[in-house]
Amino acid sequence: LDFATDCVEEDFYGYSTLDWNIKSSLVKPGDYEIMVETRCTNLGGPEEINGHQTSILPGIIDLSRPEKYGEPLPLKETIIAGEEVVVVFTEDIDCSEPLPFEIA
């Protein structure tokens with residue numbers, strides 16, 4: 001994907017932030033290798049400062065949300081304070097810290 005565009009504004013330090021809409025029809029769920037590359041206007045300096053390329057990072061794009069599977073347990077009308085309630089989902093929920101984030 002090429003995010004080069006004339007409508008992107010740079011900050012005081014020359015940095016730009018762009019959003020990647022992964023819900024578009026261009027991106028399908030699955031395994032990806034993601035690399036970020038910058039290319040700058042050549043202003044006469046050394047070639048190595050006119051751009052940067054990150055290492056390739058593996059990633060997964062999963063657009064389906066976990067859903068509740070069945071009914072919460074225990075299956076009864078009244079729950080006593082302090083009693084454990086179990087909810088099962090259609091996929092594992094990652095509750096590790098630091099909390100994961102998504103690239104929007």
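Ion pairing between a basic and an acidic side chain is recognised when a charged N comes within 4.0 Å of a carboxylate O; Glu91 and Arg65 show no such pairing.
In this structure, the separation between CD1 on Ile61 and CD1 on Ile34 is 6.0 Å, given to the nearest 0.5 Å. How far NZ of Lys76 is from CD of Glu83: 3.5 Å, rounded to the nearest 0.5 Å.
Ile60 and Leu63 sit in two unconnected hydrophobic clusters of ILVMFWY residues. Membership requires side-chain heavy atoms under 4.5 Å apart, directly or through other members.
A heavy-atom distance below 4.5 Å is found between the side chains of Lys68 and Val87. Side chains of Ile79 and Val85 form a contact here, defined as non-hydrogen atoms less than 4.5 Å apart. Between Pro66 and Ile93, the closest side-chain pair of non-hydrogen atoms falls below 4.5 Å. Using a 4.5 Å heavy-atom threshold, the side chains of Ser55 and Met35 count as separate. Using a 4.5 Å heavy-atom threshold, the side chains of Pro29 and Asp62 count as separate.
Enclosure of atom CG in Asp92 is not indicated, since only 12 or fewer non-hydrogen atoms of other residues, nucleotides or ligands lie within 6.0 angstrom. Other residues, nucleotides and ligands place more than 12 heavy atoms under 6.0 Å from the CD atom of Glu37.
Nearest heavy atoms, Ile56 versus Glu33: CG2-CB, 3.4 Å.
The main-chain N or O of Glu67 is found under 3.5 Å from a side-chain atom of Thr90 such that the two form a donor-acceptor pair. The closest donor-acceptor contact from the side chain of Thr38 to the backbone of Gly51 lies at 3.5 Å or more, if one exists at all.
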